[in-house]
Chemist: 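Below are the structure tokens for one structure; questions will follow.
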Number of protein chains: 2
Amino acid sequence: MSDVAKAAGVSAATVSRALRGEPGVSEATRQHVSEVARRMKYAIARDASSLAGGRRYAIAVLTSEVSPVLAGAEGALRQAGYDVLLYVLAEPGARAKFFDELPLGRRVDGVLLLSMSLSGAEQAALESLEVPHIAVDDTDLRRALRTAVAHLLELGHRDVALVLSDGVDESYDEILASAGLDVRPEWTVWCSPTVDGGEQVVDVLLDGERLPTAVISSNGAAALGIYLRVQRDGRAVPDEVSIVSLDGQELTRVVGLTAVEGAAKEQGERAVADLLTLIRGGQIEPVEHPLRLVVRNSSGPVRTAG
Amino acid sequence: MSDVAKAAGVSAATVSRALRGEPGVSEATRQHVSEVARRMKYAIARDASSLAGGRRYAIAVLTSEVSPVLAGAEGALRQAGYDVLLYVLAEPGARAKFFDELPLGRRVDGVLLLSMSLSGAEQAALESLEVPHIAVDDTDLRRALRTAVAHLLELGHRDVALVLSDGVDESYDEILASAGLDVRPEWTVWCSPTVDGGEQVVDVLLDGERLPTAVISSNGAAALGIYLRVQRDGRAVPDEVSIVSLDGQELTRVVGLTAVEGAAKEQGERAVADLLTLIRGGQIEPVEHPLRLVVRNSSGPVRTAG
DNA sequence: CTGTTAGCGCGTTCAA
DNA sequence: TTGAACGCGCTAACAG
């Protein structure tokens, strides 16, 4: 840095201020210093910078799975000039160890949590770091369902079945009802969030006397199972049955299922933006995560009877 | 550190040496210092350590996609006490920028590359960092193919078609031939590495007079496409046609395709072990990446004719 | 707006 | 085997 300072005819402190965008430097000086630094291929040494008490230029990213959201977040952080310290906290052991040891002291400017629901203790541990943090929630099932229902209504569907993953125990009847659909108990079914689960549930669903013209699945893998099974049964998708997934797994994309996607990339970017705002001491206002209906080949107009 | 030194009745230099396992400290002193440090929950500050010329306790992980290998590598590195600096270099722009700016100077102890085939220039840029690096190769198609062929032979198949992804231009005839299979030119076909590609190739393949009893696909998505199309054509899998993928994408697992998998986790762990050996100045000996045949529901005994 | 001074917390001499 | 002094590259607080 002193080399750059000498070359630019200023002091090291000025170089520091100029390169970090700190106030207190004339615009002319800043430009000049930046130019010289670039020519000399100089970049601030982060270690020394953080040692001296400045920022650390690093964000810890905690995630329970390596997912597209991670890719989105990484890109946004990198672009903002931050390093990404990755912690994959998939196994309970690793997760417990992390929150026990909290190896983040004085090493990051912020923490980003992806698809992690924290326990109270974990939350408290995180707070004790005294570092800004923010979490990216999972897709909001409720809103996703409304989106899917609207899509199907538009296509003329009135007989819509809802396949929920085991573990989802809220009632969504009111959403179906308020959309003007009949709520038929036998058209709300549960299955495991797997391809197998989806296949099995089809037997139940298409066994009644009245068949739904469309099926919404809360889980992507199950949606795929439904799709495969329905086709194997000799029913055309979407001509006889439309299928919509509320979960934008890669699976749904690859086989061409219509899905409500969590807009993973945007969610990650949004979260990064919020986190950076927090780091700068700003206030953030909660916003709903964007949802995106991606219409592919598994949903179409309802077939007019007769 | 000076606090610990005081508490232990030694100098800071001794604490440093003791905690880093440096020689030149009596075993008694080392034990004592370690004990005191633990009691005081003291850990060496990595920033200061690297500033002063010591280790950086960090590894840069470069990857072209967020994949299970990444998860495996992260775990292994974490366990070895290293931070993971993640760089997702999926987009050409990001990748070019990285190799242009090389933002790694003096910041990591090593570099781990996952599923990245480096160009000569990139290779050179990496070397210029003067930091140990190691790459996890993609699955070796050749060996994977041998594994798949052996599996099918065992099941009695003799009429095996090979679907290669566009871009794969090596000849694998000798592998098929040496396994005692007839090499029929019309049974080696190319398609794009997508579900669509797989679907399309089925038309070509099952249009001849003599049909293969098994299909090997080098790509997982294409394998899925083949699977879907064959079923839709009303042919049973695996009773009429067996399908084996040489690529263990999640896709193949979820829909139950037999696949030769790269044993991602083990590969990642192995690479980390090698990298750490390099960092310590050791020599590594090349080993073949482990391959694993995962038999699922898409491969079965050949149906005895008539 | 800019320069000067004094550390940040450690590793590495060198001497004892 | 240990300790004291020095400097790594930078930023914060002050002075101008």
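Proteins come first, then strands; the chains are lettered A, B, ... in the order of their sequence lines, and each starts at number 1. Please read all numbers here as calculations on a predicted model, not as lab measurements.
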Chemist: With salt bridge (Lys or Arg N to Asp or Glu O under 4.0 Å) as the rule and sequence neighbours excluded, what pairs involving residues 46-55 of chain A come up?
Modeler: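 Qualifying pairs: A/R46-A/D83.
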
Chemist: So which of residues 34-46 of chain A are in contact with DNA chain C, with a heavy-atom cut-off of under 4.0 Å?
Modeler: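 Close to the strand, none.
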
Chemist: Taking B/E170 first and then B/R142, would you say they form a salt bridge - that is, a charged N and a carboxylate O separated by under 4.0 Å?
Modeler: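 Looking at B/R142 together with B/E170, the answer is yes, because their closest N to O distance falls below 4.0 Å.
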
Chemist: For the pair B/S165 (side chain) and B/S192 (backbone), establish whether a donor and an acceptor sit closer than 3.5 Å, ignoring hydrogens and angles.
Modeler: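 Looks like no, no N/O pair under 3.5 Å.
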
Chemist: For salt bridge (charged side-chain N to carboxylate O under 4.0 Å, His left out), just list the numbers for A/R78 and A/E74, CA-CA rounded to whole Å, side-chain angles, deciding distance to a tenth of an Å, and then say yes or no.
Modeler: CA-CA 6 Å; A/R78 189 70 59 201; A/E74 193 272 349; 3.1 Å; yes

Chemist: Among residues at least two apart in sequence or on other chains, which ones pass salt bridge (charged side-chain N to carboxylate O under 4.0 Å, His left out) with A/E22?
Modeler: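 For A/E22 there are no salt bridge (charged side-chain N to carboxylate O under 4.0 Å, His left out) partners, ignoring immediate neighbours.
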
Chemist: Please, which pairs that meet salt bridge (Lys or Arg N to Asp or Glu O under 4.0 Å) have at least one residue in residues 25-34 of chain A, sequence neighbours excluded?
Modeler: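 Listed once each, the pairs are A/E27-A/R30.
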
Chemist: Hey, which of these two, B/R106 or B/R17, hits DNA chain D nearer its 5' end, going by closest nucleotide?
Modeler: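 The 5'-side residue here is B/R17.
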
Chemist: Under a 4.0 Å N-O cut-off, is there an ion pair linking B/R95 with B/E91?
Modeler: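 A salt bridge is absent here (no side-chain N lies under 4.0 Å from a carboxylate O).
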
Chemist: State whether the side chain of B/D109 and the backbone N or O of B/R56 hold a donor-acceptor pair below 3.5 Å, judged by distance alone.
Modeler: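 Confirmed, B/D109 side chain pairs with B/R56 backbone.
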
Chemist: Looking at OG of A/S11 and NZ of A/K6, how far apart are the two atoms once the value is rounded to the nearest 0.5 Å?
Modeler: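 A/S11 atom OG to A/K6 atom NZ measures 12.5 Å (nearest 0.5 Å).
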
Chemist: What range of DNA chain C does chain A touch, first nucleotide to last, counting atoms under 4.0 Å from its heavy atoms?
Modeler: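 From 5' to 3', the first and last contacting nucleotides are C/dC1 to C/dG9.
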
Chemist: To the nearest 0.5 angstrom, please state how far the CD atom of A/E261 sits from the OG1 atom of A/T147.
Modeler: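 Reported value, rounded in 0.5 Å steps: 12.0 Å.
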
Chemist: Classify the angle between the aromatic ring planes of B/Y87 and B/F98 as parallel (below 30°), tilted (30 to 60°) or perpendicular (above 60°).
Modeler: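 Aromatic pair B/Y87/B/F98 classed perpendicular.
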
Chemist: Quick one: how far along DNA chain D does chain A reach, first to last nucleotide 5' to 3', anything under 4.0 Å to a heavy atom?
Modeler: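 Answer, 5' to 3': D/dG9 to D/dA13.
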
Chemist: Strictly below 4.0 Å, heavy-atom distances to any atom of DNA chain D: list the hits from residues 48-55 of chain B, or just say none.
Modeler: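 Going residue by residue through residues 48-55 of chain B, the ones with a heavy atom under 4.0 Å of DNA chain D turn out to be B/L51, B/A52.
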
Chemist: Between A/R107 and A/P103 (side chain of the first, backbone of the second, donor and acceptor by atom type, cut-off under 3.5 Å), is there such a pair?
Modeler: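 Between the backbone of A/P103 and the side chain of A/R107 there is a qualifying donor-acceptor contact (under 3.5 Å).
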
Chemist: Quick check against the 3.5 Å criterion: does A/T277 have a side-chain atom that pairs as donor or acceptor with the backbone of A/A273?
Modeler: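 Present.
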
Chemist: What residues, two or more places apart in sequence or in another chain, satisfy salt bridge (charged side-chain N to carboxylate O under 4.0 Å, His left out) together with A/R20?
Modeler: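 Testing A/R20 for salt bridge (charged side-chain N to carboxylate O under 4.0 Å, His left out), a comparison that skips the adjacent residues, returns none.
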
Chemist: Where along residues 24-33 of chain B does a heavy atom come under 4.0 Å from DNA chain D, residue by residue in number order?
Modeler: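 Heavy-atom contacts with DNA chain D come from B/G24, B/V25, B/S26, B/T29.
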
Chemist: Say whether, by atom type as modelled, one donor and one acceptor occur between the side chain of A/S26 and the main chain of A/T29 under 3.5 angstrom.
Modeler: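 Present.
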
Chemist: Counting only heavy atoms and a strict 4.0 angstrom limit, can you tell me which residues of residues 5-13 of chain B come near DNA chain C?
Modeler: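 Result for residues 5-13 of chain B: B/A13, sorted by number.
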
Chemist: Could you pull out all residues at least two apart from A/E127 that satisfy side-chain hydrogen bond (donor to acceptor under 3.5 Å, both in side chains)?
Modeler: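 For A/E127, the residues satisfying side-chain hydrogen bond (donor to acceptor under 3.5 Å, both in side chains) (neighbours in sequence not counted) are A/Q123.
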
Chemist: With sequence neighbours excluded, what pairs up with B/E269 under the salt bridge (charged side-chain N to carboxylate O under 4.0 Å, His left out) test?
Modeler: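 Expected list: none.
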
